Amino acid sequence: MKIMRIGPAGAERPAALVRDDQYVDLSDVVEDFDETFFGSGGLDRIEAIVADRAAAGQALSLEGKRIGSPIARPHQIICVGLNYADHAAESGLPVPDEPILFTKSPNTLVGPYDDVRIPRGSTKPDWEVELGIVIGKRTSYLESVDDARKHIAGWVLVNDVSERAFQMERGGQWLKGKSAETFNPAGPWLVTDDEIDDVRDLGMWLDVNGVRRQTGSTSTMIFDPYFLVHYISQFMILEPGDLINTGTPPGVGLGFTPPIWLQPGDEVTLGIDGLGTQRQTVVAPR
Ligand code: ZN
């Protein structure tokens, strides 16, 4: 199943994709794709409803509709740093022994085709295509990596937009470089695990103005998604609907010599096999 949210920013309605360009509305049976929904077995509850509505010819066209983030604003967004060995190398940093974790403000979430706004005072805005994990149920002190499977609602494409000067030259933690408004495009869908053969073998790419900048595969992750959920659960409680950005492959702007930073008017397109594609226009600070 592919679930999504459709409508104006802040007033999206829950829906499910039933064909390439068609969806069924679920706003009469689901409040939102939020903590309550995931935590109460919502995905299981809607499966038959989606199938029935598609069979009954209730599908609507996506044409001209805004697509929002497929999940409502979560309790937290956790990010994993330097989770691809080749990206660590281009950043000039050693491969970590344990996952590097940092947080990102949850109100950075926007839709997959929304504008990305450069923050005030920014000099080094950058891109990061990533696999996102959406948590399906309350997760604390998992006993084994295998247990993690049962705690994952699904997978989502994200752009972990970053401001490298804020991240690395302004003191302290990475939070400042990751939390500006619009810095977390997500979607177009949340894809449930049964639709993905092996999440540890998905191709991923990102272009800026049509020029390929990132090419990678989740197969070169240092710490795979199941390991990460188990690992993070030893340090904090993950709530249903929480998002984990699992790190980016090589080819970020920081890794070029000289570095390449995003500019107003740039078009960023990105994708991961099976998780759809995104397109953002970069706009100037407000
Ligand atoms: Zn990242």
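Quick caveat: nothing in here was measured; it's all calculated off a predicted structure. In listed order, ligands and their atoms are each counted from 1. Side-chain atoms are counted along with the backbone in the values below, which use heavy atoms only and exclude waters and symmetry mates.
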Practice task
Answer with yes or no whether the side chains of N159 and Q280 bring together a donor and an acceptor at under 3.5 Å.
Solution key: yes
Practice task
Output the atom name for the N/O/S atom of E130 with the smallest distance to the Zn ion (ligand 1).
Solution key: OE2
Fill in the blank from the handout: Answer key: the N, O or S atom of D160 nearest to the Zn ion (ligand 1) is OD2
Practice task
Using the six-membered ring wherever Trp is involved, compare the ring planes of F38 and F33 and label them parallel, tilted or perpendicular (cut-offs 30° and 60°).
Solution key: tilted
Practice task
Looking at E128, pick out the N, O or S atom nearest to the Zn ion (ligand 1) and give its name.
Solution key: OE1
Exercise for the section: Tell me, yes or no, whether the heavy-atom count around R170 atom CZ, taken from other residues, nucleotides or ligands under 6.0 Å, exceeds 12. Expected result: no
Problem - Polar contact flag, side-chain donor to acceptor under 3.5 angstrom, N184-N245 - result: yes
